[in-house]
Amino acid sequence: MNYLVIDKIIKNALIEDVTNEDITTNSIIGKESISTVELLCKEEGIAAGLEVFKRVFNILGDVEVKLCKNDGDKVYPKDKVGFLKGSTRNLLVGERVSLNLLQRMSGIATLTNKYVQEINHTNAKLLDTRKTTPNLRILEKYSVKVGGGHNHRFNLSDGVMLKDNHISAAGGIKNAVELARSNSSFVRKIEVEAENLEMVKEALEARADIIMLDNMNLDLAKEAVVLINKRALTEFSGNAELGNIKKIAELGVDYISVGALTHSAKILDFSMKNLILI
């Protein structure tokens with residue numbers, strides 16, 4: 001992970017949470033106070049963001065964090081995930097920001113892993129999307145990878161994806177692909193969104209590298225996979241859920257993108273407990 005970017009995220013989060021000072025902590029805790037506290041897991045899942053959690057206290061300073069787990073490890077209720085020792089004030093100031101980031105990231109990794117387990121018996125790869133929390137994309141896409149998924153485009157500079165509005169603006173799939181091919185680097189793959197078999201045929205004729213089967217039902221997607229016949233990579237997108245992703249993967253698609261990995265993941269609950277003054 002890029003810690004220059006992550007440090008900026010953390011510092012902005014700390015500024016949001018402490019505009020001037022933590023008036024509660026500073027009114028009852030002296031500057032020289034030292035404490036220990038435990039990081040505990042409260043739910044079963046996949047840990048992600050432990051180094052980000054630790055980094056919060058590195059930035060605040062005067063706190064030592066020892067982690068007992070690594071990103072990607074399975075965690076269970078009552079697991080002791082880490083131990084912290086240092087400035088009582090900084091432990092309390094950093095508590096909510098560090099837990100918010102850890103819980104969010106672990107929730108994404110946990111949900112991603114549930115999807116991955118459903119398709120592991122196939123060759124399909126699970127992808128995330130750009131439906132991420134503004135300014136947290138680097139953390140959320142990292143969490144998808146921790147959970148066993150793969151990253152689609154990180155941003156609009158990463159690849160050419162011709163969606164419905166691009167195709168309309170260009171006057172059709174053929175023209176859109178030709179323009180993209182002539183105006184972008186030859187090393188970039190060109191992906192085309194197709195909503196029906198006619199669009200799939202157009203994308204094949206235009207020699208698209210990847211054809212996205214967008215919001216197709218299973219029967220239509222199956223026909224599309226047969227029609228494409230490995231002449232392009234295939235990505236199933238839209239309406240993929242835990243309940244049907246196994247059937248989607250078994251169609252023979254190469255990729256399945258799921259926006260819910262980042263926009264609908266429930267947090268995985270952690271807490272900092274058993275603070276002891278020393």
Side-chain angles (χ1 to χ4, degrees), residues 1-3 5-6 9 39 41-55 67-77 79 81-82 99-133 136-155 158-159 161 189 191 210 212-213 218 221 225 233-270:
M1 289 188 291
N2 186 334
Y3 276 98
V5 177
I6 291 168
I9 291 171
L39 173 62
C41 182
K42 299 171 72 176
E43 292 182 277
E44 181 178 338
I46 304 295
L50 288 167
E51 290 297 330
V52 175
F53 172 91
K54 182 177 181 178
R55 189 67 181 162
L67 298 171
C68 308
K69 297 284 186 179
N70 297 308
D71 284 355
D73 285 350
K74 194 75 177 283
V75 289
Y76 300 91
D79 272 358
V81 180
L99 288 175
N100 282 350
L101 293 170
L102 175 62
Q103 291 178 152
R104 174 70 179 149
M105 294 176 71
S106 297
I108 291 171
T110 298
L111 181 59
T112 299
N113 192 253
K114 289 179 181 178
Y115 275 89
V116 169
Q117 295 304 316
E118 291 291 316
I119 66 173
N120 263 343
H121 63 294
T122 73
N123 292 321
K125 291 182 172 62
L126 179 70
L127 301 176
D128 54 23
T129 70
R130 286 169 40 248
K131 295 175 182 178
T132 54
T133 307
L136 295 184
R137 184 171 293 171
I138 188 173
L139 302 183
E140 295 182 347
K141 281 185 169 282
Y142 166 79
S143 303
V144 167
K145 292 182 69 174
V146 170
H150 298 264
N151 295 151
H152 204 298
R153 295 185 298 173
F154 188 86
N155 57 43
D158 278 347
M161 182 184 289
K189 291 186 183 300
E191 181 167 7
I210 309 166
M212 177 193 289
L213 312 180
L218 292 181
V225 170
L233 294 171
T234 52
E235 176 188 341
F236 186 100
S237 180
N239 303 317
E241 301 172 346
L242 273 174
N244 66 5
I245 195 167
K246 180 178 179 181
K247 290 182 179 179
I248 295 168
E250 290 173 347
L251 295 175
V253 295
D254 298 295
Y255 301 99
I256 306 171
S257 55
V258 180
L261 301 181
T262 50
H263 70 58
S264 296
K266 175 183 174 295
I267 67 159
L268 190 71
D269 203 4
F270 290 83

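Scope of the values below: all heavy atoms of this structure, side chains included, with no hydrogens, waters or symmetry mates. Residue indices begin at 1 and follow the sequence shown.
- Remark: Lys266 NZ is packed, more than 12 non-hydrogen atoms of other residues, nucleotides or ligands lying under 6.0 Å away.
- Shown here is Lys69, whose NZ atom has more than 12 heavy atoms of other residues, nucleotides or ligands within 6.0 Å.
- Contact check for Tyr142 versus Asp71: side-chain heavy atoms found under the 4.5 Å cut-off.
- Closest of all the heavy-atom pairs between Ala48 and Ala109 is CB-CB, 3.7 Å.
- In this model, no donor atom of one side chain and acceptor atom of the other lie less than 3.5 Å apart for Ser257 and Thr129.
- Residues Arg130 and Arg137 are in side-chain contact: their nearest non-hydrogen atoms beyond the backbone lie under 4.5 Å apart.
- Distance NZ/Lys114 to CG/Leu261: 12.0 Å, rounded to 0.5 Å.
- Between Ile119 and Lys125 the shortest heavy-atom distance is CD1-C, 4.4 Å.
- Two residues are said to be in side-chain contact when any heavy atoms from C-beta on lie closer than 4.5 Å; Leu251 and Thr234 fail this criterion.
- Tyr3 places a side-chain heavy atom less than 4.5 Å from the side chain of Glu51.
- Closest heavy-atom contact between Ala260 and Tyr115: CB-OH, 4.3 Å.
- In summary, Lys42 and Asp269 engage in a salt bridge, as defined by a charged side-chain N under 4.0 Å from a carboxylate O.
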Problem set entry | CA sep, side-chain torsions, deciding dist, call: Ile46, Lys74, side chain to side chain contact (heavy atoms under 4.5 Å, CB included) | CA-CA 5 Å; Ile46 304 295; Lys74 194 75 177 283; 3.7 Å; yes

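- Although no hydrogens or angles enter the test, the distance criterion places no donor-acceptor pair under 3.5 Å between the side chain of Glu235 and the main chain of Ile210.
- Here the rule is side-chain contact (heavy atoms from CB on, under 4.5 Å) with Leu50, and of Val146, Asn70, Val81 only Val81 fits it.
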Exercise. Does the pair Glu250 and Lys246 meet the rule for a side chain to side chain contact (heavy atoms under 4.5 Å, CB included), with working shown?
Worked result: CA-CA 6 Å; Glu250 290 173 347; Lys246 180 178 179 181; 3.4 Å; yes

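- Residue Ile267 holds its CD1 atom at 8.0 Å from CG of Asn100, rounded to the nearest 0.5 Å.
- Looking at Asn151 and Val144, their side chains come closer than 4.5 Å, going by heavy atoms from C-beta outward.
- Taking every heavy atom of both residues into account, Val253 and Ile256 meet most closely at CG2-CG1, 3.8 Å.
- Atom CG of Asn123 has 12 or fewer heavy atoms from other residues, nucleotides or ligands within 6.0 Å.
- Residues Arg153 and Glu191 are not paired through a salt bridge, judged by the lack of any N-O separation under 4.0 Å between the basic side chain and the carboxylate.
- Separating the CG atom in Leu102 from the OG atom in Ser143 is a distance of 9.5 Å, to the nearest 0.5 Å.
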For this session: Give the C-alpha distance, both sets of side-chain angles, the deciding distance and a yes or no for side-chain hydrogen bond (donor to acceptor under 3.5 Å, both in side chains) between Thr262 and Thr132.
Result: CA-CA 6 Å; Thr262 50; Thr132 54; 5.8 Å; no

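- Between Leu39 and Leu99 there is a side-chain heavy-atom pair separated by less than 4.5 Å.
- The OG1 atom of Thr112 sits 11.0 Å away from the NE2 atom of His150 when rounded to the nearest 0.5 Å.
- The structure places CZ of Arg55 at 9.0 Å from CD1 of Ile6, a figure rounded to the nearest 0.5 Å.
- With rounding to the nearest 0.5 angstrom, the CG atom of Leu67 is 7.5 Å from the CZ atom of Phe53.
- Put simply, the side chain of Asn244 gets close to the backbone of Asn239: a donor and an acceptor are under 3.5 Å apart.
- Residues Ile248 and Leu218 meet the side-chain proximity criterion, which asks for heavy atoms closer than 4.5 Å.
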For this session: Show your working on side chain to side chain contact (heavy atoms under 4.5 Å, CB included) between Ile245 and Phe236 and close with a plain yes or no.
Result: CA-CA 10 Å; Ile245 195 167; Phe236 186 100; over 6 Å; no

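- When all heavy atoms of Phe270 and Gln103 are compared, the pair lying nearest together is O-OE1, 2.9 Å.
- Side-chain N or O atoms of Asp79 include none that pairs as donor or acceptor with a backbone N or O of Val75 at under 3.5 Å.
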Problem set entry | Test log, rule side chain to side chain contact (heavy atoms under 4.5 Å, CB included), inputs Asp128 and Ile108 | CA-CA 10 Å; Asp128 54 23; Ile108 291 171; over 6 Å; no

